[in-house]
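In listed order, ligands and their atoms are each counted from 1.
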Amino acid sequence: MTPKSFKLFKILGISIELDASWFIIFFFVVWTLSTSLYKLNLPGVTLNINIILSIVTAILFFSSVIFHELAHSVIAIKEGLNVKKIILFVFGGAALIDDEPKTPGAEFRISVLGPASSLFLALFFFIFSQMFENYQYLYIPGLFLFNINLILAFFNLIPGFPMDGGRIFRSFVWYISGNYLKSTKIAVTFGKIIADLSGLWLILIGLFLYQAADSSLKQAQIKLGY
Ligand SMILES: [Zn+2]
């Protein structure tokens with residue numbers, strides 16, 4: 001990673017660190033929460049409360065990311081791997097693990113626990129939001145954290161190596177072929193296809209949105225009599 005990082009604390013012998021680039025995404029998340037989620041859903045709220053809620057929610061969101069990486073790390077340590085640290089940076093979080101898993105089973109267990117832990121958190125925040133349904137200040141953040149953890153779980157399951165889903169995919173190929181190098185090559189190639197497809201998918205969404213915007217513009221023009 002980049003040389004400048006800040007040590008937060010140590011848990012289970014793993015150092016949790018913030019990369020300098022993380023502050024950009026933290027600010028962006030707080031800003032987005034404040035100007036969209038809380039501004040729209042809590043219209044009567046004061047600016048101070050809005051900002052406090054946004055900061056607390058953002059901290060809980062990044063804590064969820066640390067929880068996800070910790071889940072990977074705990075199993076990695078159990079499988080005899082050396083976890084150097086967990087670092088949050090501008091694109092999310094990463095557990096820096098020294099070496100590769102020794103067996104396909106170990107690879108599968110380490111990879112699957114991350115998304116599983118995010119699903120667990122999603123369930124937790126869903127129950128939390130339902131418990132405080134009548135308290136908007138708890139209900140809205142609870143619902144947001146439910147959604148974001150659900151997204152985190154499924155996004156990571158996309159089989160694009162080296163994401164969790166790609167590693168799970170490699171563990172299957174590795175298990176069947178018995179060949180680590182070959183399975184890595186297949187997973188990387190497959191990951192590239194997924195990346196191309198998601199690029200294509202974004203273009204299609206873009207075209208669809210453009211089309212939708214265009215037709216609503218036409219509708220507006222018809223209404224206005226142009
Ligand atoms: Zn993960």
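Distances from the Zn ion (ligand 1) under 2.8 Å pick out these protein N/O/S atoms: His68 NE2, His72 NE2, Asp164 OD1, Asp164 OD2.
Salt bridge Lys85/Glu69: absent, no basic N to carboxylate O contact under 4.0 Å. Under a 4.0 Å N-O distance rule, the pair Glu79/Lys102 does not qualify as a salt bridge.
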Chi angles and distances behind the side chain to side chain donor-acceptor pair (under 3.5 Å) call for Asn179, Ser183
CA-CA 6 Å; Asn179 188 324; Ser183 64; 6.0 Å; no
The test is side chain to side chain donor-acceptor pair (under 3.5 Å); show your working for Asn48 and Thr46 and say whether it passes.
CA-CA 5 Å; Asn48 282 345; Thr46 64; 5.6 Å; no
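The distance from the CZ atom of Phe28 to the CG atom of Leu33 is 10.0 Å, given to the nearest 0.5 Å.
Considering only residues two or more places apart in sequence or on other chains, Tyr38 meets the ring pair (Phe, Tyr, Trp, His ring centres under 6.0 Å) condition with none of them.
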